[in-house]
Protein chains: 2
Amino acid sequence: MNISQAARQAGLTPKALRYYESIGLLVPVRGENGYRDYAAADVATLQFIQRARACGFAIEEVRELLSLYRNPSRRSHDAKALVAEKLAQVERQLQSLRVMRETLAELADSCPGDDSPNCRILDQLAGGK
Amino acid sequence: MNISQAARQAGLTPKALRYYESIGLLVPVRGENGYRDYAAADVATLQFIQRARACGFAIEEVRELLSLYRNPSRRSHDAKALVAEKLAQVERQLQSLRVMRETLAELADSCPGDDSPNCRILDQLAGGK
DNA sequence: CTTGCGCCCTCCCCTTAGGGAAAGGTCAAG
DNA sequence: CTTGACCTTTCCCTAAGGGGAGGGCGCAAG
């Protein structure tokens, strides 16, 4: 299968697939003409990658997940640990974004938003209490 | 004031201050010895930058905010628009992270996390329903 | 006076996960 | 045979600095 079709099937872009090959994450075979030829198993792997990425895993973490997936003597504990760690990280990002949202909402509320130059947003950013 | 002290007062790093200078965001004067010399007003500007960054504004957005702050004929509407747009963006990121958290939580729950290789996390990432 | 330590300078490479574009080869259809 | 769509490689670009090398400056102690 050509790169564009494989990418479509996995919900990715051809550029991403070339990138994954360049970092050794998924290296397809090549046809006579030099074109990458993605096997069905490759597409399945690409879907795995896409799902893991959608869960917030970085590429190197996806590599670990794939390594576990391919290792028949893995322990499910190890996969769960990766997920738990990612979950904790996502929680931290959520908390950080909630703080930002709160601050931004307060800023927006404090400003009339009219044609006058009086702006409590800028005053507060400048340190005015 | 030297770069390290200015950075400390603003809750930033010397490296960040050098970067801000390199992109023309805040250019301090130089002393005889070539050292950057941050005036009190510069430190206030750095604090403005730090607060805006903490709210999630990108550097180019901070530049706009600073430009409004320095423009006496600004309209508070413009500042409020920037804040509202950033707020909407933060909401989108929150929503995206909530989806990730949900998915990760389901994955974690479905996996025993023991020494066996049976792992529903990896199965689900592989497309197993 | 000089040594040492801490601070400062510039310059360069590194990070994530690809996107965009250029220059050229290939394939299938008309 | 040509055209257009697809493929290839290679290079540069992103945000916001971090890390480190190599070298200069300032101030206190010996």
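In what follows, every chain begins at residue 1, and chains take the letters A, B, ... in the order their sequences are listed.
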Fill in: Side-chain donor-acceptor contact under 3.5 Å, B/Gln95 with B/Arg92
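Distance-only check fails for B/Gln95 and B/Arg92.
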Worksheet item: Judged by modelled atom types alone, do A/Ser76 and B/Asn118 share a side-chain donor-acceptor pair under 3.5 Å?
Response: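 Result is no, nothing qualifies.
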Worksheet entry | Comparing A/Tyr35 and B/Asp37 on DNA chain C - which has the more 5′ nearest nucleotide |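 It is B/Asp37, whose closest nucleotide lies nearer the 5' terminus.
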Looking at side-chain heavy atoms only, is the closest gap between [X] and [Y] below 4.5 Å?
X: A/Phe48; Y: A/Leu66; value: yes
X: B/Arg75; Y: A/Ser116; value: no
X: A/Arg70; Y: A/Thr45; value: yes
X: A/Gln9; Y: A/Met1; value: yes
X: B/Tyr69; Y: B/Arg74; value: yes

Practice prompt. Start with the C-alpha distance between A/Arg18 and A/Glu21, add both sets of side-chain angles, then the distance that settles salt bridge (Lys or Arg N to Asp or Glu O under 4.0 Å), and finish with yes or no.
Written response: CA-CA 5 Å; A/Arg18 291 192 193 100; A/Glu21 178 179 9; over 6 Å; no
Let me know the distance between [atom1] of [X] and [atom2] of [N], rounded to the nearest Å.
X: A/Arg53; N: C/dA17; atom1: CZ; atom2: C1'; value: 6 Å
X: A/Glu60; N: C/dA17; atom1: CD; atom2: P; value: 8 Å
X: A/Arg63; N: C/dA17; atom1: CZ; atom2: C1'; value: 13 Å
X: A/Gln5; N: C/dA28; atom1: CD; atom2: P; value: 12 Å

Practice prompt. Taking all heavy atoms of A/Ser4 and all of A/Pro14, pick out the closest pair and write down the distance.
Written response: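 Looks like OG-CG, 3.9 Å.
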Practice prompt. Can you see which heavy atom on A/Leu97 is nearest to which on B/Val90, and at what distance?
Written response: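 Taking every non-hydrogen atom into account, O-CG1, 3.7 Å.
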Worksheet entry | Where chain B begins and ends its contact with DNA chain D, read 5' to 3' at 4.0 Å from heavy atoms |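 Reading along DNA chain D, I get D/dA16 to D/dG26.
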Discussion item. Please check this pair: side chain of B/Glu61 against backbone of B/Ala58, looking for a donor-acceptor N/O pair closer than 3.5 Å.
Written reply: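 Confirmed, B/Glu61 side chain pairs with B/Ala58 backbone.
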Fill in: Interface with DNA chain D, restricted to residues 8-33 of chain A and to heavy atoms under 4.0 Å
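Nucleic-acid contacts, sorted: A/Arg18, A/Arg30.
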Fill in: Closest-nucleotide 5' rank along DNA chain D - winner of A/Ser4 and B/Phe57
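The 5'-side residue here is A/Ser4.
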Discussion item. So for the helix from C/dC1-D/dG30 to C/dG30-D/dC1, with five pairs setting each end axis, what is the inter-axis angle to 10°?
Written reply: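 Between the first-five-pair axis and the last-five-pair axis there is 30°.
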